[in-house]
Trainee: 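Got a structure here, written out as structure tokens. Questions coming.
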Amino acid sequence: MYRTHTCGELRADHVGEEVTLAGWVQKIRDFGAMSFVDLRDRYGITQLVTNENTSAKVTETLQQLGREFVIQATGTVRERSSKNKNIATGEIEIELSGLKILSPSAVPPFTIQDDTDGGDDLRMKYRYLDLRRNAVRKNLELRAQVAHSVRNFLTENGFIETETPVLIKSTPEGARDFVVPSRMNPGEFYALPQSPQIFKQLLMVAGFDKYFQIVKCFRDEDLRADRQPEFTQIDCEMSFVEQEDVLNTFEKLAKYTFKNVLDVDLDDFPRMPYSTAMEKYGSDKPDIRFEMLLHDITTTVQNKGFSIFDSAEYVGAIAAKGCAEYSRKQIDELTNWVKRPQIGAKGLVYVKYNEDGSFKSSVDKFYSADDLKGWAEQLNANPGDLILVLSGDKAHTVTALGELRLEMGNRLELRKKGTFKPLWVIDFPLLEWNEESKRFFAMHHPFTSPNPEDIVLLDSDPGKVRANAYDLVINGVEIGGGSVRIFNSELQAKMFDILGFTPEQAMAQFGFLMNAFKYGAPPHAGIAFGFDRLVSMFAGLDSIRDVIAFPKNNAGRDVMNDSPAPIANEQLDELFLQLKKLD
RNA sequence: GGUGGCGUAGUUCAGUUGGUUAGAAUGCCGGCCUGUCACGCCGGAGGUCGCGAGUUCGAGUCUCGUCGUCACCGCCA
């Protein structure tokens, strides 16, 4: 045994005990005749002390110590003469009788402390050092807690945790696949799963009834703060259920986990149709921590001689509480913000509803005070509020206004961390028209079942068909999503047809699933949660990198081990691969 | 594929209109110090201003390119 206790364990009632600790040197405070060493492990920090009574052997070893040396320290627990209330072990210290260097350390490139002096790049390069810091380690401990809680709940509720293969077949729909060449099958490739979708459906055919898995998924797409090329899903599927059953089950899971991990009680999750989310929030993942709803004022504002509004398909507005005082500079700033290419609005119209009840707007030339009062009434705006108006084609303007709403929410500090407002977004469209390739794509995936009421529209107006699909959204973040699946091979074949697959292509890609459906497929439905996003939300962080032990950077590189990297020609030969020159 | 921010000592940063020898804090090294816990005091070392080109009498500073990194748009069923 290297240690009798951890560095976070000893208290006043251990005084007098002979103990041995092991850990990293956090800090040495040398006073000549006496010295203090802060010894750290993941449980805490304990102070070691030497004085004139300490053996020469110990003091000589102590002279050699530096930050981050790994040492083993033996001594007697003693009450401190001056206590430190800031740390849990602050009542005691260890008077050293033995000291051994287990492993020396080079001077670390940044300090291992809560307020580190290391920048992001450096900390990523030395991630194993960054992980020694409380802040980062706590995120991973939280991650483990959430995983444990999810496993508990699902196992208690009869779900079977089942692993599915990682080397699978590439499918053309959806994200780009990571591919893996097969040495034993020259010229052929596996793909890494974007999700275990088909396998979990096959498990339903197999009668597994309730399945889950906390599983790595892989998508070869460009990254963001909340996207990694490999990420973790809580993947679930159930048989003999309808949408309502799935929503209820996983609402319980979410409530259980929030209660268990954060001691937060969540209210029942509201349900919101996709169409409402788009019209009222300008987003399919609305942040309902604050109101500031979008209002369609197209008919109100048209035919008053303002050609920009008159020619627009849609004119929408939000009312920002208490912002009528905004200066010219602040309004200009907002105007520039919405005109950035990322938002893409042409301009911004404002109406100040002043405290005295008067109006000042950028369109006073076209609209009377009565007109503007009408707008304010429609938006339920009060004196002191600032009305912001965007116009243009409906699809773009609604989302731009939704972005503006979030920006104003940020400025007014309405998006408080630690407040959690979940909701289910339901009734997604089944299909999405793609202009480029002139065909429909599945909005969720090709196995999503249409809403039975809309099946008649499949031939006449496929774009109008709603899906039995649902997303769990919390604080404007898409945390999970799923659908009721098609379990009838005829309907599945029809879906492939609408998606532009020939029966031969469908058979080649998904034949094993369609075949499986011939042998008694139960009605089934499922859902998958973005585990990294869920944990980062629990931690109050915006980036999922902080809850992943060894994440990749913006370009999908691991800067610690410098991967991806070229491979030797021998390896390429073995795989029958030849590299193409870059242009 | 695109837009923008950042890149100066080991680290975090400052650096004025383009002008003498590029600074601070912290870390590191040496010395002193018996109650510190952000210990204190004295001294020291440490720089390809990311890289390349251009403008200029003169570039850390301006321009272009490039590399790295971050955020976002496209993309991500």
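So that the names make sense, note that chain A is the first sequence line, chain B the second, and so on, each numbered from 1.
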Trainee: Apply side chain to side chain donor-acceptor pair (under 3.5 Å) to A:D497 and list each qualifying residue two or more places apart in sequence or on a separate chain.
Mentor: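 In terms of side chain to side chain donor-acceptor pair (under 3.5 Å), with neighbours along the sequence ignored, A:D497 is linked to no residue.
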
Trainee: Provide the distance between the two P atoms, one in B:rG7 and one in B:rG43, to the nearest whole Å.
Mentor: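 One P to the other, the span is 32 Å.
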
Trainee: List for me each residue that meets ring pair (Phe, Tyr, Trp, His ring centres under 6.0 Å) alongside A:F428, sequence neighbours excluded, and say none if there are none.
Mentor: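 Expected list: A:Y274.
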
Trainee: Between A:D226 and A:Q194, name the one whose nearest nucleotide on RNA chain B is closer to the 5' end.
Mentor: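 With A:D226 and A:Q194 compared, the 5'-side residue is A:D226.
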
Trainee: Below the 4.0 Å mark, does B:rU69 have OP1 or OP2 next to a side-chain nitrogen or oxygen of A:R545?
Mentor: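 No, because none of the side-chain N or O atoms of A:R545 sits under 4.0 Å from OP1 or OP2 of B:rU69.
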
Trainee: Taking A:T232 as the fixed residue, which of A:V215, A:D532, A:V547 is the one that meets the side-chain contact (heavy atoms from CB on, under 4.5 Å) rule?
Mentor: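 Filter result, single survivor: A:D532.
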
Trainee: With sequence neighbours left out, what residues match A:D226 under salt bridge (charged side-chain N to carboxylate O under 4.0 Å, His left out)?
Mentor: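 Partners of A:D226 under the salt bridge (charged side-chain N to carboxylate O under 4.0 Å, His left out) test: A:R533.
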
Trainee: Is there a donor on the side chain of A:Q342 or the base of B:rC72 sitting less than 3.5 Å from an acceptor on the other?
Mentor: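 Yes.
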
Trainee: Does the structure place the NZ or CZ of A:R439 under 6.0 Å from the centre of the six-membered ring of A:F441, at an angle of no more than 45° from the ring's axis?
Mentor: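 Yes; both conditions hold, so A:R439 lies above the ring face of A:F441.
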
Trainee: A:F31 on top of B:rC33's base, within under 5.5 Å and under 30°?
Mentor: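 So no, this residue does not stack on that base, at least one cut-off failing.
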
Trainee: Looking at A:R224, does any N or O in its side chain come under 4.0 Å of the phosphate oxygens OP1/OP2 on B:rC73?
Mentor: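 Yes, because at least one side-chain N or O of A:R224 sits under 4.0 Å from OP1 or OP2 of B:rC73.
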
Trainee: In whole angstrom, give me the gap between the P atoms of B:rG50 and B:rA59.
Mentor: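 So the two P atoms sit 15 Å from each other.
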
Trainee: Expressed in whole Å, how much space separates the C1' atoms belonging to B:rC41 and B:rU36?
Mentor: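 One C1' to the other, the span is 15 Å.
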
Trainee: Just call it for A:A225: base, sugar-phosphate, or nothing, with non-hydrogen atoms closer than 4.0 Å on any strand.
Mentor: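 Sugar-phosphate contact only.
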
Trainee: Residues two or more places apart in sequence or in another chain: which of them pass salt bridge (charged side-chain N to carboxylate O under 4.0 Å, His left out) with A:K417?
Mentor: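 Counting only residues at least two positions away or on another chain, A:K417 forms a salt bridge (charged side-chain N to carboxylate O under 4.0 Å, His left out) with A:D542.
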
Trainee: So does A:D222 reach the base of B:rG74 with its side chain, donor to acceptor, closer than 3.5 Å?
Mentor: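 Side chain to base: pair present.
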
Trainee: Tell me the interatomic distance from A:M34, atom CE, to B:rC39, atom P, rounded to whole angstroms.
Mentor: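 In whole Å, B:rC39 P and A:M34 CE are 15 Å from each other.
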
Trainee: To the nearest Å, how far apart are A:K125 NZ and B:rG50 P?
Mentor: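 Roughly 17 Å, once rounded to whole Å.
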
Trainee: Determine whether a donor-acceptor pair (N or O, by modelled atom type, separation under 3.5 Å) exists between the side chain of A:T116 and the backbone of A:T111.
Mentor: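 Pair found, side chain donor or acceptor close to backbone of A:T111.
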
Trainee: Between A:E478 and A:K285, is there a side-chain N and carboxylate O pair less than 4.0 Å apart?
Mentor: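 Salt bridge: no.
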
Trainee: C1' atom, B:rG47 versus B:rU12: distance in rounded Å?
Mentor: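 That atom pair is separated by 16 Å.
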
Trainee: May I ask you to evaluate whether A:K27 reaches the phosphate of B:rG27, defined as a side-chain N or O under 4.0 Å from OP1 or OP2?
Mentor: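 So the side chain of A:K27 is within the cut-off, an N or O lying under 4.0 Å from OP1 or OP2 of B:rG27.
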
Trainee: Among residues at least two apart in sequence or on other chains, which ones pass salt bridge (charged side-chain N to carboxylate O under 4.0 Å, His left out) with A:R411?
Mentor: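 So A:R411 forms a salt bridge (charged side-chain N to carboxylate O under 4.0 Å, His left out) with A:E333, A:E407.
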
Trainee: Just the rounded figure in Å: distance from P of B:rG7 to CE of A:M124.
Mentor: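 Spelled out: CE on A:M124 to P on B:rG7 is 20 Å.
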
Trainee: For a quick check of understanding: with a heavy-atom distance under 4.0 Å over all strands, which category does A:F36 fall into, base, sugar-phosphate or nothing?
Mentor: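 Result for A:F36 = base.
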
Trainee: Compare side-chain N and O positions of A:R29 against OP1 and OP2 of B:rC39 and report whether any pair is under 4.0 Å apart.
Mentor: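 So the side-chain polar atoms of A:R29 do come within 4.0 Å of the phosphate oxygens OP1 or OP2 of B:rC39, strictly under.
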
Trainee: If you measure from the P atom in B:rC32 to the same atom in B:rC70, how many Å do you get, rounded?
Mentor: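 Straight-line distance between the two P atoms is 46 Å.
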
Trainee: For residues 33-55 of chain A, which residue pairs pass the salt bridge (charged side-chain N to carboxylate O under 4.0 Å, His left out) check, not counting sequence neighbours?
Mentor: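 Salt bridge (charged side-chain N to carboxylate O under 4.0 Å, His left out) check on residues 33-55 of chain A returns A:R3-A:D41, A:R29-A:D38, A:R40-A:E68, A:R42-A:E141.
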
Trainee: With a 4.0 Å cut-off on heavy atoms, is A:P446 in touch with a base, just the backbone sugar-phosphate, or nothing at all?
Mentor: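 If one applies the 4.0 Å heavy-atom cut-off, A:P446 turns out to touch a base.
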
Trainee: Which of residues 58-91 of chain A have a heavy atom under 4.0 Å from RNA chain B?
Mentor: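 A:R67, A:R78, A:R80, A:S81, A:S82, A:K83, A:N84 - these, ordered by number, are the residues of the stretch whose heavy atoms sit under 4.0 Å from the strand.
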
Trainee: How far, in whole Å, is B:rG23 from B:rU61 if one measures between their C1' atoms?
Mentor: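 One C1' to the other, the span is 15 Å.
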
Trainee: Can you give one letter per nucleotide of nucleotides 40-46 of chain B, 5' to 3': B if a protein heavy atom sits under 4.0 Å from the base, S if only from the sugar-phosphate, - if neither?
Mentor: -------

Trainee: Is A:D332 salt-bridged to A:K329, going by a charged N under 4.0 Å from an acidic O?
Mentor: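 Here A:D332 does not pair with A:K329 in a salt bridge, since their nearest N and O are not under 4.0 Å apart.
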
Trainee: Quantified in whole Å, what is the C1' atom distance between nucleotide B:rC13 and nucleotide B:rG60?
Mentor: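 It works out to 14 Å between them.
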
Trainee: Select from A:N553 and A:F447 the residue whose nearest nucleotide in RNA chain B is closer to the 5' end of that strand.
Mentor: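 The answer here is A:N553.
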
Trainee: Taking the six-membered ring for Trp, are A:F447 and A:H445 parallel (under 30°), tilted (30 to 60°) or perpendicular (over 60°)?
Mentor: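 Tilted, since the angle between the ring planes falls between 30° and 60°.
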
Trainee: Has A:R227 got a side-chain N or O lying under 4.0 Å from the OP1 or OP2 atom of B:rC75?
Mentor: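 No, A:R227 has no side-chain N/O under 4.0 Å of OP1/OP2 on B:rC75.
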
Trainee: Using a cut-off of 4.0 Å on non-hydrogen atoms, how would the nucleic acid contact of A:V49 be classed: base, sugar-phosphate, or nothing?
Mentor: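 Counting heavy atoms under 4.0 Å across all strands, no contact is made by A:V49.
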
Trainee: Measure from CD on A:E95 to P on B:rG35 and round the result to the nearest Å.
Mentor: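 One finds 16 Å between P of B:rG35 and CD of A:E95, rounded.
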
Trainee: Whether the side chain of A:Y470 engages the backbone of A:G481 through a donor-acceptor N/O pair (distance < 3.5 Å, no angle test) should be reported.
Mentor: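 Side chain of A:Y470 to backbone of A:G481, a donor-acceptor pair under 3.5 Å: no, none is there.
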
Trainee: Can you list every ring-ring contact (aromatic ring centres under 6.0 Å, His included) pair that touches residues 34-61 of chain A, not counting sequence neighbours?
Mentor: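 For residues 34-61 of chain A, and leaving out neighbouring residues, the ring-ring contact (aromatic ring centres under 6.0 Å, His included) pairs sorted by first residue read A:F31-A:F36.
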
Trainee: In whole angstroms, how far is the C1' atom of B:rU11 from the CG atom of A:D115?
Mentor: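 Value for this atom pair: 14 Å.
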
Trainee: Please identify each residue that fulfils salt bridge (charged side-chain N to carboxylate O under 4.0 Å, His left out) with A:D558, with sequence neighbours left out.
Mentor: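 Here no residue qualifies.
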
Trainee: Tell me whether the rings of A:F529 and A:F250 are parallel (<30°), tilted (30 to 60°) or perpendicular (>60°).
Mentor: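 Aromatic pair A:F529/A:F250 classed tilted.
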
Trainee: Base, sugar-phosphate alone, or nothing: which one does A:E52 contact when heavy atoms must sit under 4.0 Å apart?
Mentor: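 If one applies the 4.0 Å heavy-atom cut-off, A:E52 turns out to touch a base.
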
Trainee: When the P atoms of B:rA22 and B:rG74 are considered, how many whole Å apart are they?
Mentor: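 Between the two P atoms, the distance is 48 Å.
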
Trainee: Expressed as a whole number of angstroms, how long is the span from A:N554:CG to B:rC75:P?
Mentor: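 Result: 18 Å.
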
Trainee: Answer with yes or no whether A:E93 presents, from its side chain, a donor or acceptor under 3.5 Å of a partner atom in the base of B:rG35.
Mentor: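 By the distance-only test, yes, there is a pair.
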
Trainee: Which is true for A:S195 with a 4.0 Å heavy-atom rule: it touches a base, it touches only sugar-phosphate, or it touches nothing?
Mentor: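 Base contact.
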
Trainee: Below 4.0 angstrom, N of the basic side chain to O of the carboxylate: do A:K83 and A:E91 qualify?
Mentor: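 A salt bridge is absent here (no side-chain N lies under 4.0 Å from a carboxylate O).
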
Trainee: Check each residue of residues 462-500 of chain A for a non-hydrogen atom within less than 4.0 Å of any atom in RNA chain B, then write out the ones that pass by number, or none.
Mentor: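 Residues of residues 462-500 of chain A that come under 4.0 Å of RNA chain B do not exist, since none gets that close.
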
Trainee: Could you state the CD-P distance from A:Q113 to B:rU11, rounded to the nearest angstrom?
Mentor: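 Checked: the CD to P distance equals 16 Å.
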
Trainee: Can you check the A:N410 CG to B:rA71 P distance for me, whole Å?
Mentor: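 My rounded result for the distance is 16 Å.
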
Trainee: Quick one: the dot-bracket string of RNA chain B, using Watson-Crick and G-U wobble pairs with both distances under 3.5 Å, [ ] for crossing pairs and | for bases paired to another strand.
Mentor: (((((((..((((.....[...)))).(((((.......))))).....(((((..]....))))))))))))....

